[in-house]
Each structure stands twice: as C-alpha cells, then as structure tokens.
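Below, all heavy atoms of this structure are taken into account, side chains as well, without hydrogens, waters or symmetry copies.
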Amino acid sequence: MGFFSRLFGKKETNGLTFIKDIAAIICGGDTDVLHAIDDMLSNPKKYFKRNAERYDERGIDDEEIQDIMEDGDEEEQTELFWLGMVDELIEGGYVAEVDYKCSKDELLYALSELRSYQTIKNALSSDILNITADDVSSLCCEISKQMTGTAQIGYIDIDSDSYPLFILTAAKGKTPDDLLDELTTIAGDKLFNITTP
C-alpha cells in the first residue's frame, strides 16, 4: 500500500501540510489558491483527474499518475502534490515559469505578469536595463540586489529546465529575507527546494 493510499485521514494528510504552508507564504494567504491546495490534499484522486492536462503538459500522463498513486514511492507521490502546488500558484498569478535560457526581456515580462509585481515595479531602476547577465539565475540575483529589503525573487525547484519564479515582499512585519528563510526552513527537510536563483 503506497503513501498515496494513506492520505485519506487527517493524520496522514498532515504529512503534506508543508505544501500548503509554502503556498500560503508565496501567495500571501490568497484564499482561492489555498482552497485549491486544500482540495488537492483532501481529494487527491479527483484533483489529479480534473487536472490531468496540467500534468500531461509536464510529461506525466494519466496512466503514470495512476501508477504513482498505487505503487510509487513517497518521493514520487509527493512530487505530484508539489507540482500541483506550483500550478495552483501559477494559476493564481503568484508564480511565473520561465525557461532557463529565457532572455532578460522575457524574464522581466514574466515577472510583470505576477500579482506582486507592483511592489517592485517602481523600485526597478534603469540599471536593470544595463545588466549584462545572460542567465535567469544571475538576472534574478541582480534584480533582487536592487530590491534589498523590499523584495526578493525566489524559485521553486521542480527538477526541470524551467524556473518557477515568485516575488516575495515584506508582509506581517517580516522582511522578504525573513520569508525566504521561513520558506527554505519549511522546504529544507523535504524532498524539494525553494531558494533564490
């Protein structure tokens, strides 16, 4: 009996509450996003079926989902929930997924589509246009340096060539660095990673 089949009681579901905790920080407590995460954690079979197209776009077809649910190990099963969290954050407008080879213009456009972009929009100076870095990681680090104390760009590791990026801004008396530390603490002992690029 796989981990997935043990997820139907409250006690067992608590093993995945870190996913909701991470999503809550990234989306600032958006109830629509958190409701979708609750639905995923409470009704995984229905959720995966309803969102089969999303998983298919990530190279995991319905048959593979079923195999993972029935016979997969804990890491494979947890990855389905992790990817579901990323997709719900994308759907909510809190995460933008970019290719690791995207240009500076593509990166800035992707960030501009995020709900939290307004927080950094005015702080981005013309110096951003002069950045010569040519990879996502370096570009995000340079942007984050300009936002010191105001915002931090982070990414969610999904073991892919893409970067699901998010913008952390100060909230509830915590700096973006505090929130990033909190995220990495929550995710740190799990199978996945959240950090700055």
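Side-chain contact check for Asp87 versus Asn51: every heavy-atom pair is 4.5 Å or farther apart. Using a 4.5 Å heavy-atom threshold, the side chains of Tyr155 and Val98 count as separate. Looking at heavy atoms from C-beta onward, Ile25 lies in side-chain contact with Ile186 at the 4.5 angstrom threshold. With contacts defined as side-chain heavy-atom distances shorter than 4.5 Å, the pair Pro44/Tyr47 does not qualify. With a 4.5 Å cut-off on side-chain heavy atoms, Met40 and Glu88 do not count as touching. Looking at Leu108 and Lys104, their side chains come closer than 4.5 Å, going by heavy atoms from C-beta outward. Looking at heavy atoms from C-beta onward, Ile158 lies in side-chain contact with Pro164 at the 4.5 angstrom threshold. In this structure, the side chains of Arg115 and Asp30 come closer than 4.5 Å at one or more pairs of heavy atoms.
With hydrogens and angles disregarded, no donor-acceptor distance shorter than 3.5 Å links the side chain of Asn43 to the backbone of Lys46. Checked by atom type and distance alone, the side chain of Asp56 never pairs as donor or acceptor with a backbone atom of Ala52 at under 3.5 Å. When atom types are taken as modelled, the side chain of Thr184 and the backbone of Asp181 share a donor-acceptor pair closer than 3.5 angstrom. Between the side chain of Glu76 and the main chain of Asp73, a donor-acceptor pair closer than 3.5 Å is present. Side chain of Gln77 to backbone of Gly72: a donor-acceptor contact under 3.5 angstrom is found.
Within a 6.0 Å sphere centred on CD of Gln66, heavy atoms belonging to other residues, nucleotides or ligands number more than 12. Around CD of Glu113, the count of heavy atoms belonging to other residues, nucleotides or ligands within 6.0 Å exceeds 12.
Scanning both residues, Ile167 and Ser116, for their nearest heavy atoms gives CB-OG, 3.3 Å. Shortest non-hydrogen contact noted between Ala23 and Leu89 is O-CD2, 3.9 Å. What you find for Ala170 and Pro176 is that their closest heavy atoms are N-CG, 3.7 Å. Closest approach of Tyr94 and Ile26 over heavy atoms only: CD2-O, 3.9 Å. What you find for Leu180 and Leu168 is that their closest heavy atoms are N-CD1, 3.6 Å.
Remark: Glu64 engages no residue in a side chain to side chain donor-acceptor pair (under 3.5 Å) (not counting sequence neighbours). Taking Tyr55 as the reference, Phe48 meet the ring pair (Phe, Tyr, Trp, His ring centres under 6.0 Å) condition, with sequence neighbours excluded. Taking the side chain to side chain donor-acceptor pair (under 3.5 Å) definition, one finds that Asp32 meets it with nothing, sequence neighbours left out.
Rounding to the nearest 0.5 Å places SG of Cys27 at 10.0 Å from NZ of Lys20. The CD1 atom of Ile90 sits 4.5 Å away from the CD atom of Glu97 when rounded to the nearest 0.5 Å. Rounding to the nearest 0.5 Å places OH of Tyr163 at 10.0 Å from CG of Asp99. With values rounded to the nearest 0.5 angstrom, Leu139 atom CG is found 9.5 Å from Leu111 atom CG. Between the CG atom of Leu16 and the CG atom of Asp21 there is a distance of 11.0 Å, given to the nearest 0.5 Å. Between Leu41 atom CG and Thr17 atom OG1 the span is 8.0 Å, to the nearest 0.5 Å.
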Go through it in stages, so that I can follow the logic: the residues are Ile22 and Ile156, the test is side-chain contact (heavy atoms from CB on, under 4.5 Å), and I'd like the CA-CA distance, side-chain angles, deciding distance and then a yes or no. CA-CA 10 Å; Ile22 288 169; Ile156 304 168; 5.7 Å; no

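Under the 4.5 Å side-chain heavy-atom criterion for ILVMFWY residues, no single connected hydrophobic cluster contains both Leu34 and Ile19. The hydrophobic cluster containing Leu107 also contains Tyr100, counting ILVMFWY residues as joined when their side-chain heavy atoms lie under 4.5 angstrom apart, directly or transitively.
Salt-bridge formation is not detected for the pair Glu79/Arg58: no Lys NZ or Arg NE/NH1/NH2 atom is positioned less than 4.0 Å from an Asp or Glu carboxylate oxygen.
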